[in-house]
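Inspection log for the structure reproduced underneath, given as structure tokens.
Labels below follow one simple rule: chain letters A, B, ... track the order of the sequence lines, proteins then strands, and each chain is numbered from 1. Note that the structure is a prediction, hence the values are computed from the model and not measured.
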Protein chains: 2
Amino acid sequence: MNGRLDNTENRHLKERKVLDRIKSIPLPAIRRYPSYLRRLKKYESEGVLWISATTLAEDLSLSSILVRKDLACTGLEGRPKYGFPIEPLICAIEKSLGWDNATDAILVGAGNLGTALMGYGGFTQYGLKIIAVFDSDPLKIGEMIHGVKILDIEKTADFIARTKIPMAVLTVPAAYAQLIAMKLSDAGIKGIWNFAPIKLKLSNDVIIQRVDLASSFAELSSRLKK
Amino acid sequence: MNGRLDNTENRHLKERKVLDRIKSIPLPAIRRYPSYLRRLKKYESEGVLWISATTLAEDLSLSSILVRKDLACTGLEGRPKYGFPIEPLICAIEKSLGWDNATDAILVGAGNLGTALMGYGGFTQYGLKIIAVFDSDPLKIGEMIHGVKILDIEKTADFIARTKIPMAVLTVPAAYAQLIAMKLSDAGIKGIWNFAPIKLKLSNDVIIQRVDLASSFAELSSRLKK
DNA sequence: ATTCTATCGATATTTAATTATCGAATACAA
DNA sequence: TTGTATTCGATAATTAAATATCGATAGAAT
């Protein structure tokens with residue numbers, strides 16, 4: 001086999017592999033990506049240019065093999081003895097998550113939790129841009145919350161239909177969550193990040209992601225028991 | 001083999017198995033327990049006495065085999081054709097989680113997130129009892145928050161040392177989280193439920209459970225991308 | 001009384017995720 | 001220039017979790 005043929009074959013093989021990867025990054029890897037990002041951005045801000053999977057793994061108390069595999073899923077190639085170039089790596093991970101282009105979203109429920117989330121700061125880092133907040137409380141409507149105006153919850157459906165906003169953060173009390181979620185779904189929302197402690201039942205074409213504090217606490221309880 | 005001998009052997013076998021189970025309920029099962037509990041309590045409130053793994057599974061969109069296996073881990077035995085008795089099942093799950101006896105805890109950081117959590121209501125359901133809240137803001141100290149008094153954060157260490165409180169809910173801004181966590185650790189806290197978006201570094205005898213909103217959002221993003 | 005059906009629990013089997021192994025590449029030092 | 005240490009990436013092995021299969025049991029229907 002001569003070098004030329006070999007290269008061509010390798011390139012095709014590589015391209016196919018990259019495609020395969022994009023389609024199927026394991027969920028646990030996806031969940032680890034944000035912590036990689038946080039750490040990488042910290043390094044970047046300190047002027048570091050290269051990072052090895054080994055170092056990153058140590059920082060995050062993970063196995064280096066695991067980290068290397070996770071990074072491989074982004075399609076970016078590392079360099080022996082050096083590791084990965086930080087800035088392209090950040091871009092590659094963000095792209096894998098779809099965080100490279102900001103997603104517009106609305107937040108429904110301007111109570112303590114909603115307010116806390118708006119002030120969390122991290123949202124923009126996640127490529128999430130809250131462009132409107134909705135609440136039912138007449139005292140809140142018209143007020144500003146971290147730079148975004150609070151609108152009447154009755155106008156949510158109109159707003160979604162008009163702006164084609166794909167995503168909603170749902171921070172209303174549990175008792176209202178199902179009803180409001182159905183309205184969001186009817187209005188054409190694509191994804192709901194649900195902070196209410198109930199399982200929403202909607203048509204399958206709406207993606208629902210629930211933040212389940214009880215699960216997290218259950219894990220803590222069981223670890224404390226031992 | 002006669003019946004008597006058989007029974008004795010079976011009992012021993014069963015006891016050993018129960019012990020094994022308690023030691024090693026798989027983490028994914030632990031994480032599912034709270035959703036089982038929620039649903040079971042709803043049934044209980046409706047006067048239902050028995051529930052089958054099949055029904056519970058359908059309600060929660062899980063495989064019935066998975067649910068049956070999870071329930072088996074509690075040590076409670078089901079009854080063919082009937083399923084499991086609801087009330088004992090609730091107790092068995094709560095016991096497996098250590099939620100049968102309330103754990104006293106403090107909450108550190110009475111901002112929006114802390115306030116939201118105090119109002120969440122679910123805490124008592126999880127066997128978690130917040131007996132004091134701490135904050136550094138002089139305007140907040142002395143105020144009440146959902147029936148609990150806000151104390152000066154400087155007094156946290158004393159409080160922990162005096163009351164032997166095992167657990168803390170940490171809802172302070174990310175910038176202060178590490179420092180405060182170290183103080184909690186020094187004061188003798190056993191477990192920290194960390195809501196700040198950073199990885200705390202403490203001695204290994206403190207159990208840290210982080211609520212990582214970014215992970216959850218990463219999952220949503222990647223599912224929306226498809 | 002007998003058959004039928006829903007359910008359990010135990011034991012495979014399959015699938016997914018993590019960890020281990022090893023050869024190849026490359027910077028750096030001797 | 002050569003040797004060494006470090007890292008990568010590919011493949012293999014292991015572990016953990018989810019799913020499937022099947023016999024046993026007990027209530028309900030015939």
Side-chain angles (χ1 to χ4, degrees), chain A residues 3 6-7 9-11 13-18 20-21 23-33 48-86 88-89 92 215 219, chain B residues 3 6-7 9-11 13-18 20-21 23-33 36 48-86 88-89 92 215 219 222:
Chain A
D6 214 348
N7 278 342
E9 278 187 350
N10 273 338
R11 208 176 57 233
L13 210 71
K14 205 168 280 180
E15 277 167 8
R16 211 178 38 125
K17 280 198 177 174
V18 168
D20 284 353
R21 273 194 213 114
K23 273 183 202 137
S24 64
I25 300 176
L27 191 57
I30 295 279
R31 284 201 273 243
R32 282 185 291 267
Y33 277 175
V48 182
L49 295 176
W50 293 82
I51 182 98
S52 74
T54 319
T55 312
L56 192 53
E58 267 170 23
D59 284 350
L60 298 167
S61 319
L62 296 172
S63 123
S64 66
I65 303 156
L66 183 66
V67 173
R68 195 170 304 128
K69 244 189 166 178
D70 285 351
L71 300 187
C73 290
T74 66
L76 186 71
E77 297 205 343
R79 185 167 140 191
K81 191 86 181 179
Y82 258 49
F84 297 80
I86 288 204
L89 182 54
S215 285
E219 199 178 327
Chain B
D6 214 349
N7 278 341
E9 278 186 352
N10 273 340
R11 207 177 58 232
L13 211 71
K14 206 168 278 180
E15 277 167 9
R16 212 177 37 128
K17 279 197 178 171
V18 168
D20 285 353
R21 274 195 212 113
K23 272 183 201 135
S24 63
I25 300 177
L27 192 57
I30 294 280
R31 284 200 274 243
R32 283 185 291 266
Y33 278 173
Y36 296 161
V48 181
L49 294 177
W50 293 82
I51 183 96
S52 73
T54 319
T55 311
L56 192 53
E58 266 169 24
D59 285 349
L60 298 167
S61 318
L62 296 171
S63 123
S64 65
I65 303 156
L66 183 66
V67 173
R68 196 171 305 129
K69 241 186 170 182
D70 285 352
L71 299 189
C73 291
T74 66
L76 187 70
E77 298 207 344
R79 185 166 140 191
K81 191 85 181 182
Y82 259 50
F84 296 80
I86 290 206
L89 182 54
S215 286
E219 199 178 328
S222 99

Find every protein N or O atom lying less than 3.5 Å from an N or O atom of nucleotides 4-8 of chain C, and list the pairs.
unit_1 : atom_1 : unit_2  : atom_2 : d
C/dT5  : O2     : B/Lys81 : NZ     : 3.0
C/dA6  : O4'    : B/Lys81 : NZ     : 3.3
C/dC8  : OP1    : B/Ala53 : N      : 2.9
C/dC8  : OP2    : B/Arg68 : NE     : 2.7
C/dC8  : OP2    : B/Arg68 : NH2    : 2.9

Between the protein and nucleotides 12-17 of chain C, list every N/O to N/O distance that falls short of 3.5 Å.
none

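With rounding to the nearest 0.5 Å, the separation of OG1 in B/Thr54 from CD1 in B/Ile65 is 9.5 Å.
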Let's go through B/Arg32 and B/Leu66 carefully: what are the C-alpha distance in whole Å and the side-chain angles of both, what is the deciding distance for side chain to side chain contact (heavy atoms under 4.5 Å, CB included) to 0.1 Å, and is it a yes or a no? CA-CA 10 Å; B/Arg32 283 185 291 266; B/Leu66 183 66; 3.4 Å; yes

Residue pair B/Leu89, B/Ile51: steps toward the side chain to side chain contact (heavy atoms under 4.5 Å, CB included) verdict: CA-CA 9 Å; B/Leu89 182 54; B/Ile51 183 96; 4.1 Å; yes

B/Tyr36 and B/Leu62: side chain to side chain contact (heavy atoms under 4.5 Å, CB included), yes or no, with the steps? CA-CA 11 Å; B/Tyr36 296 161; B/Leu62 296 171; 3.8 Å; yes

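Distances shown here put a side-chain N or O of A/Ser63 below 4.0 Å from the OP1 or OP2 atom of C/dT19.
In this structure, the CG atom of B/Leu76 is 13 Å from the C1' atom of C/dG9, given to the nearest Å. Protein atom CG of A/Asp70 is 13 Å distant from nucleotide atom P of D/dC8, rounded to whole Å. The interatomic distance linking A/Ile65 (CD1) with D/dA12 (P) rounds to 16 Å, in whole Å. As rounded to whole Å, 13 Å separates atom C1' of D/dT6 from atom CD of A/Glu58.
Applying the side chain to side chain donor-acceptor pair (under 3.5 Å) test to B/Tyr33 and every residue at least two apart in sequence or in another chain returns nothing. Applying the side chain to side chain donor-acceptor pair (under 3.5 Å) criterion to A/Arg68, with sequence neighbours excluded, gives no partner residue. Qualifying salt bridge (charged side-chain N to carboxylate O under 4.0 Å, His left out) partners for A/Arg31, counting only residues two or more places apart in sequence or in other chains: B/Glu219.
The list of ring-ring contact (aromatic ring centres under 6.0 Å, His included) pairs with a residue in residues 48-71 of chain B, not counting sequence neighbours, reads B/Trp50-B/Tyr82.
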